[in-house]
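Just below is one structure, and these are the notes that go with it.
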Amino acid sequence: QVQLVESGGGLVQAGGSLRLSCAASGNIFDIADMGWYRQAPGKQRELVASITRGEFTHYADSMKGRFTISRDNAKNTVYLQMNSLKPEDTAVYYCAADSVYTTRRYWGQGTQVIVSS
C-alpha cells in the first residue's frame, strides 16, 4: 500500500502562486510515475501534469508555461508549482502515483485551491 498526503492548497488572488506538495509513504518501492490531477465542481477529473521516476514531465496544454511539476525521489515527494493562477484553476487538486507492479493508481485525499478574481 502507498499513502499520499497533499498539502499547500488555499486561497489566492488571480495572478498569484501556490506550491503543492505530495508526500508518499508506505510501500514507496511500488511507485512509478506520479502526477497531479484536478477536479472542479461539476467537471470531470483531469490531468494537470505527470512526472516519471526519471523526471520526464508531461503537462496538459492549458497548464504549460504556468505550472511546473518536480519530484524529489529521496524525499518521496512530488511538487506542483503553480504560477499566474486564474479563477478557472479553482479545483480540488489530487496527487496520484502509479504502481510499478500492477495497474493500480494510488490517490491522495485532495487539497482545495481557490483562485479569486
Side-chain angles (χ1 to χ4, degrees):
Q1 284 282 1
V2 172
Q3 293 79 44
L4 302 173
V5 178
E6 302 102 332
S7 60
L11 174 64
V12 64
Q13 288 188 332
S17 299
L18 281 175
R19 189 193 194 206
L20 306 182
S21 299
C22 171
S25 61
N27 187 14
I28 59 173
F29 298 104
D30 189 27
I31 297 174
D33 297 353
M34 298 186 76
W36 289 94
Y37 290 73
R38 71 184 186 185
Q39 188 166 18
K43 295 188 176 181
Q44 290 188 334
R45 191 172 297 189
E46 63 175 349
L47 172 70
V48 175
S50 63
I51 185 167
T52 68
R53 286 193 68 88
E55 301 187 38
F56 289 99
T57 59
H58 171 76
Y59 296 90
D61 287 343
S62 61
M63 279 57 125
K64 288 180 181 177
R66 298 191 300 125
F67 292 5
T68 302
I69 190 170
S70 61
R71 179 172 182 167
D72 186 335
N73 289 325
K75 294 183 178 180
N76 304 310
T77 301
V78 64
Y79 305 96
L80 184 69
Q81 177 67 43
M82 305 186 293
N83 299 326
S84 302
L85 283 162
K86 306 174 182 180
E88 51 264 43
D89 294 318
T90 295
V92 177
Y93 284 71
Y94 296 91
C95 176
D98 291 339
S99 170
V100 172
Y101 305 109
T102 71
T103 58
R104 182 172 182 175
R105 173 166 289 167
Y106 300 99
W107 292 97
Q109 82 287 353
T111 185
Q112 178 75 58
V113 171
I114 299 173
V115 183
S116 64
S117 57

Within one Ile-Leu-Val-Met-Phe-Trp-Tyr cluster: Tyr106 and Phe29, side-chain cutoff 4.5 Å = yes
note = So CE of Met34 and OH of Tyr79: to nearest 0.5 Å the spacing works out to 10.5 Å
ask   = Taking only residues two or more places apart in sequence, or in another chain, which ones meet Glu88 in a side-chain hydrogen bond (donor to acceptor under 3.5 Å, both in side chains)?
value = none
remark   = Nearest heavy-atom contact between Asn83 and Ser17 is OD1-OG, 2.9 Å
ask   = Hey, does the side chain of Gln81 reach the backbone of Thr68 with a donor-acceptor pair shorter than 3.5 angstrom?
value = no
query = Taking the side chain from Arg71 and the backbone from Thr52, do they hold a donor-acceptor pair closer than 3.5 Å?
reply = yes
Arg66 (side chain) donor-acceptor with Ser84 (main chain) under 3.5 angstrom = yes
Note: Asp89-Lys86 ion pair, threshold 4.0 Å (strictly below) = no
key: Under 3.5 Å donor-acceptor, Tyr59 side chain and Gly65 backbone   = no
task = Report yes or no: do Val78 and Tyr94 belong to one cluster of Ile/Leu/Val/Met/Phe/Trp/Tyr joined by side chain heavy-atom distances under 4.5 Å?
result = no
ask   = Would a distance-only check, ignoring hydrogens and angles, find a side-chain to backbone donor-acceptor pair under 3.5 Å from Asp30 to Val100?
value = yes
ask   = Same cluster or not: are Leu11 and Met82 linked, directly or through other Ile, Leu, Val, Met, Phe, Trp or Tyr residues, by side-chain heavy atoms under 4.5 angstrom apart?
value = no
query = If you round to the nearest 0.5 Å, how far is CG of Leu20 from CZ of Phe67?
reply = 8.5 Å
key: hydrophobic_cluster_shared for Met63 and Tyr93, side chain cutoff 4.5 Å   = yes
query = Within the side chain of Thr90, is there an N or O that forms a donor-acceptor pair under 3.5 Å with the backbone of Val115?
reply = yes
inquiry  = So, taking the atom named CD in Gln39 and the one named CD in Gln44, what distance separates them when rounded to the nearest 0.5 Å?
reply    = 8.5 Å
Sidechain-backbone polar pair: Glu6 side chain, Gln109 backbone, donor-acceptor under 3.5 Å = yes
query = Any luck finding a side-chain donor-acceptor pair between Thr77 and Asp72 under 3.5 Å?
reply = no
inquiry  = For Ile31 versus Arg53, what's the shortest heavy-atom pair and its separation?
reply    = O-NH1, 3.1 Å
Polar side-chain atom of Glu46 near backbone of Tyr37 as donor-acceptor pair, under 3.5 Å = no
query = So, for Gln3 and Gly26, which heavy atoms are closest and what is the spacing to 0.1 Å?
reply = OE1-CA, 3.5 Å
Residue pair Trp36 / Ser21: nearest heavy atoms and the distance that separates them = CH2-O, 3.6 Å
ask   = Are Val12 and Ile114 co-members of a hydrophobic cluster defined by side-chain heavy atoms under 4.5 Å apart?
value = no
ask   = Can you tell me how far the CG atom of Asn76 sits from the CG atom of Leu4, to the nearest 0.5 Å?
value = 10.5 Å
